[in-house]
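Note on naming: letters A, B, ... go to the chains in the order of the sequence lines (proteins, then strands), and numbering restarts at 1 for each one.
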There are 2 protein chains.
Amino acid sequence: MEMIDLPPKMRLTTQRQVILEELASVTSHPTANEVYDMVRRRLPRIGLGTVYRNLELMAESGLILKLEVGGTQKRFDATTDLHYHIRCTACGKVDDIKLPVQQEINKMAASATDYQILSHHVEFSGVCGSCGSAAEPSSIN
Amino acid sequence: MEMIDLPPKMRLTTQRQVILEELASVTSHPTANEVYDMVRRRLPRIGLGTVYRNLELMAESGLILKLEVGGTQKRFDATTDLHYHIRCTACGKVDDIKLPVQQEINKMAASATDYQILSHHVEFSGVCGSCGSAAEPSSIN
DNA sequence: GCAGTAAGTAATAAACTTTCTCATTATTAT
DNA sequence: ATAATAATGAGAAAGTTTATTACTTACTGC
């Protein structure tokens with residue numbers, strides 16, 4: 001039994017504010033460690049556990065998105081409206097991809113499984129611009 | 001016994017055979033640790049590192065699939081033809097979903113990004129049958 | 001068969017990501 | 001300002017995956 005209840009008395013601490021601001025300041029999808037590095041420039045004494053705890057809390061309350069995309073680390077996204085992602089197989093970078101969300105795919109899925117469908121996510125794999133130009137300048141012949 | 005297409009110099013050891021057989025014997029998508037447990041019933045002295053190393057090698061050679069779906073652990077799949085997955089948000093179980101792969105989505109993506117698209121994967125989130133019936137008996141009341 | 005060599009294994013250590021514990025600090029309501 | 005308590009920081013701990021190492025096994029050409 002899982003209910004989405006945001007913590008009753010969630011306090012607005014400096015740490016939370018800065019974490020959210022830093023996450024919102026980038027269009028990339030940083031890992032917890034990367035957020036930690038960004039935040040530490042402004043709050044040098046913050047603990048890594050605090051970053052993890054708050055990213056998790058914010059994700060639970062829907063304030064941010066926790067992306068469980070490929071790779072070993074989870075990534076976080078301050079843009080909470082539904083969108084798909086693409087990950088570079090060479091450098092691991094994750095970008096948004098501006099593709100309309102295919103809502104009808106959920107209905108198709110519902111009739112193909114006994115699961116109760118909640119959502120779906122599409123993750124593309126590809127080679128990003130900088131990695132592609134570095135690796136294969138002769139591929140368009 | 002099926003013919004296994006091994007990369008040159010890759011030997012078909014007992015460990016590899018058993019790992020592959022055990023993985024192929026289930027329709028679930030076990031984690032490395034679960035494969036380890038299954039294999040250990042037949043080869044009690046096998047090491048966890050051996051399981052990891054060989055799952056990784058087999059995934060690289062295309063013999064099996066390594067799934068980087070949600071959750072903290074990677075999962076492995078002996079079925080290598082393209083298909084989508086669905087993960088239970090309650091118990092973390094991952095199942096195949098029999099939904100035709102949307103090839104055209106790659107073309108749409110190609111025109112929406114400067115990445116060179118290689119592939120895509122769709123992962124659904126939902127509640128599986130057993131979790132659903134266990135969690136919400138109040139819906140029948 | 002047998003030496004020589006390459007590949008694989010088991011065990012262990014190590015790296016890395018994430019979660020947990022707890023004494024202390026900071027925030028909120030009074 | 002004070003009390004109540006949520007949150008923090010520091011470190012330990014847990015969990016997953018990779019790397020190292022010494023030993024074993026299998027393949028090669030003789």
Expressed as a whole number of angstroms, how long is the span from [X]:[atom1] to [N]:[atom2]?
X	N	atom1	atom2	value
A:Glu60	C:dT19	CD	C1'	13 Å
A:Leu12	C:dT28	CG	C1'	11 Å
B:Lys74	C:dT17	NZ	P	11 Å
A:Gln17	D:dA7	CD	C1'	14 Å
A:Tyr52	D:dG11	OH	C1'	16 Å

| Where along residues 29-37 of chain B does a heavy atom come under 4.0 Å from DNA chain D, residue by residue in number order? |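 By residue number: B:Asn33.
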Between B:Asp96 and B:His29: side-chain donor-acceptor atoms closer than 3.5 Å: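 Yes.
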- Can you label the angle between the A:Tyr84 ring and the A:His120 ring as parallel, tilted or perpendicular, going by 30° and 60°?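 Plane angle between 30° and 60°, so tilted.
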Would you mind reporting whether [Y] and [X] have side-chain heavy atoms less than 4.5 Å apart?
X	Y	answer
A:Cys128	A:Lys93	yes
A:Arg16	A:Met10	yes
B:His83	B:Leu99	no

Closest non-hydrogen atom pair between B:Ala109 and A:Phe124, with its separation: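 What the structure gives for the nearest pair is CB-CE2, 3.4 Å.
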Heavy-atom closest pair, residues A:Asn106 and A:Ser119
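That closest heavy-atom pairing would be OD1-C, 3.9 Å.
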Per-nucleotide protein contact along nucleotides 3-13 of chain C, 5' to 3', at a 4.0 Å heavy-atom cut-off (B base, S sugar-phosphate only, - neither), is ---BSSBBS--
Is A:Arg40 salt-bridged to A:Glu22, cutoff N-O under 4.0 Å?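 Here A:Arg40 does not pair with A:Glu22 in a salt bridge, since their nearest N and O are not under 4.0 Å apart.
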